[in-house]
Amino acid sequence: MSHHDTWAADPGIGWRILLTADLPHRPRPDDVADLLAALYRDQGWGAAPAVTVGGSPDGLRTDLAEARPAPVLVGTAGTSLVISAHHGAADGLGLLRVLEALGPSPVSSDVRRPGARPPGGGRIASVARRLVEVAATPPARLRPASPAGGSGDVMAEATVTGGRRTTEIVVAATAAAVEHERSLGRSGRHVAIAVGVGSPHAPGAPIADRSGLLRVRDAERLDAAAIREAVRSAPLEAAPTRGMSVGLRLLAPRLGSTLLVSHLGVVDAPAVERLAFHPVTAGGSGISLGAVTHRDVTTFTLRARAAVWDADGLERLLEAVVSRL
């Protein structure tokens, strides 16, 4: 059974997550293709797609973010290697496994398995809570003064020296979201931050999506200590069932969160110069904030839908987040 046979999330988006690795030397597409074919055989994914050769990392990311069924797509642009995975086949930590398989070995993250959390009550309870939330206190939706009207995704990137914890990022993202909303005459209330939670893949285990999601509601009302406790103790959200997929697709903009935060942790990859991670743009505002720390530098990305955001607006929003870190 393929990952698409069980993947029941919102089919209205491409669900492709991206990892960009800047290497010391230009990778040879033929070598990358051989390693990708070996990975596909090892994972039982069938025939591997061709490696894309792009003119720039930005253009390559835009191309590989489009909706396609392949579990993993790979492209090269100069010294950059861009990996695109369908989220039904791999999570962010799975992307690191793919990178390692493509040559820059070893690659590891300090992310650990989530600790004990209160039960989330299952899929039906999760959706029921969301419906109550939508009716009583719908999450703030970040959007600019006027929609951009483009197609596909738009992305922005920034770096800071040193590592940053997920809770620090949530605090900064919350403050930036409130500032953005109030600057446009909106209340800045009911900011809901979704946080991606990863589980390391056991050695030799198949690459898969083992991620979870937790949510911090009304984050603008919490101080840093309260946000830290919320991230530590919030229940994991259950994935939607196939029977719910149509309904969730229709309600996704309202059921989703103000912002998604996903951090790959501190990554040790000696053969890589720089890393950047772009999570998915699902539900709610359709904005994801990715982070990865490598070589004592944390790279942040914002990714949104070009129908709503343009590059300038997204860069300003990311600058507002990074300025608080």
Side-chain angles (χ1 to χ4, degrees), residues 1-21 27 29-30 32-77 80-102 150-155 196 206-211 239-240 242 245-246 248-249 252 256 260 262 264 275-283 286-288 290 301-309:
M1 180 178 290
S2 74
H3 65 279
H4 295 292
D5 293 329
T6 58
W7 187 252
D10 176 11
I13 64 172
W15 286 102
R16 302 205 70 89
I17 55 177
L18 304 169
L19 181 71
T20 303
D30 288 347
V32 175
D34 290 342
L35 292 168
L36 182 62
L39 174 66
Y40 262 68
R41 287 194 298 271
D42 182 60
Q43 298 296 319
W45 288 339
V51 172
T52 302
V53 178
S56 71
D58 287 343
L60 191 56
R61 280 189 288 262
T62 298
D63 180 22
L64 296 183
E66 294 180 359
R68 298 176 193 174
V72 169
L73 299 167
V74 178
T76 66
S80 294
L81 184 69
V82 179
I83 301 167
S84 166
H86 189 284
H87 210 342
D91 54 20
L93 296 179
L95 282 174
L96 296 178
R97 285 271 308 275
V98 174
L99 174 62
E100 187 172 48
L102 295 180
S151 60
D153 288 349
V154 61
M155 306 175 201
I207 294 173
D209 175 24
R210 294 181 173 85
S211 64
R242 178 171 296 279
S245 62
V246 173
L248 287 182
R249 179 181 61 205
L260 165 70
S262 187
L264 292 186
L275 289 168
F277 170 52
H278 292 82
V280 295
T281 57
I287 303 178
S288 63
T301 66
L302 267 186
R303 178 179 175 186
R305 293 167 192 158
V308 180
W309 290 85

Novice: Could you go step by step and tell me if T76 and V82 meet the side chain to side chain contact (heavy atoms under 4.5 Å, CB included) rule?
Specialist: CA-CA 6 Å; T76 66; V82 179; over 6 Å; no
Novice: Does a side-chain heavy-atom distance below 4.5 Å link P206 with Q43?
Specialist: yes
Novice: As a quick check of understanding, evaluate side chain to side chain contact (heavy atoms under 4.5 Å, CB included) for I17 and H278, giving each step before the final call.
Specialist: CA-CA 6 Å; I17 55 177; H278 292 82; over 6 Å; no
Novice: How about L18 and M155: do any of their side-chain heavy atoms sit closer than 4.5 Å?
Specialist: yes
Novice: Within this structure, what is the OG-CZ distance for the pair S151 and R305, rounded to the nearest 0.5 Å?
Specialist: 13.5 Å
Novice: Please name the residue in the list T20, L73, L102, L96 that meets the side chain to side chain contact (heavy atoms under 4.5 Å, CB included) test with I83.
Specialist: L102
Novice: Between atom OG of S262 and atom CG of L93, what is the distance when rounded to the nearest 0.5 Å?
Specialist: 8.0 Å
Novice: Would you call D91-R97 a salt bridge at under 4.0 Å N-O?
Specialist: no
Novice: Work out which heavy atom in T281 is nearest to a heavy atom in S288; give both atom names and the distance.
Specialist: CG2-OG, 4.1 Å
Novice: How far apart are the closest heavy atoms of P279 and T301, and which atoms are they?
Specialist: CD-OG1, 4.2 Å
Novice: Go through Y40 and V72 one step at a time and tell me if the side chain to side chain contact (heavy atoms under 4.5 Å, CB included) criterion holds.
Specialist: CA-CA 9 Å; Y40 262 68; V72 169; 4.2 Å; yes
Novice: Do P71 and H86 make a side-chain contact, defined as non-hydrogen atoms from C-beta onward lying under 4.5 Å apart?
Specialist: no
Novice: Do L95 and F277 have side chains that approach each other closer than 4.5 Å (heavy atoms only, starting at C-beta)?
Specialist: yes
Novice: Is the shortest side-chain heavy-atom distance between L260 and V280 below 4.5 Å?
Specialist: yes
Novice: Determine, step by step, whether S211 and D209 satisfy the side-chain hydrogen bond (donor to acceptor under 3.5 Å, both in side chains) criterion, reporting the C-alpha distance in whole Å, the side-chain angles of both residues, the deciding distance to 0.1 Å, and the verdict.
Specialist: CA-CA 6 Å; S211 64; D209 175 24; 2.6 Å; yes
Novice: Measure the shortest side-chain to side-chain distance between L81 and L19 over non-hydrogen atoms and say whether it is less than 4.5 angstrom.
Specialist: no
Novice: State, to 0.1 Å, how close A77 and P57 come at their nearest heavy-atom pair, and which atoms those are.
Specialist: CB-N, 3.7 Å
Novice: Please report the shortest heavy-atom distance between P49 and L36, naming the atom on each side.
Specialist: O-CD2, 3.6 Å
Novice: What is the minimum heavy-atom distance between A48 and A37, and which atoms define it?
Specialist: CB-CA, 3.8 Å
Novice: Kindly determine whether L275 and L99 satisfy side chain to side chain contact (heavy atoms under 4.5 Å, CB included), including the steps that lead there.
Specialist: CA-CA 11 Å; L275 289 168; L99 174 62; 3.8 Å; yes
Novice: Within the structure provided, determine whether H87 and R16 are in side-chain contact (heavy-atom separation under 4.5 Å).
Specialist: no
Novice: Side-chain contact, heavy-atom cut-off 4.5 Å: I207 with W45?
Specialist: yes
Novice: Would the distance check show the side chain of S84 and the main-chain N or O of L64 forming a donor-acceptor pair, the cut-off being under 3.5 Å?
Specialist: yes
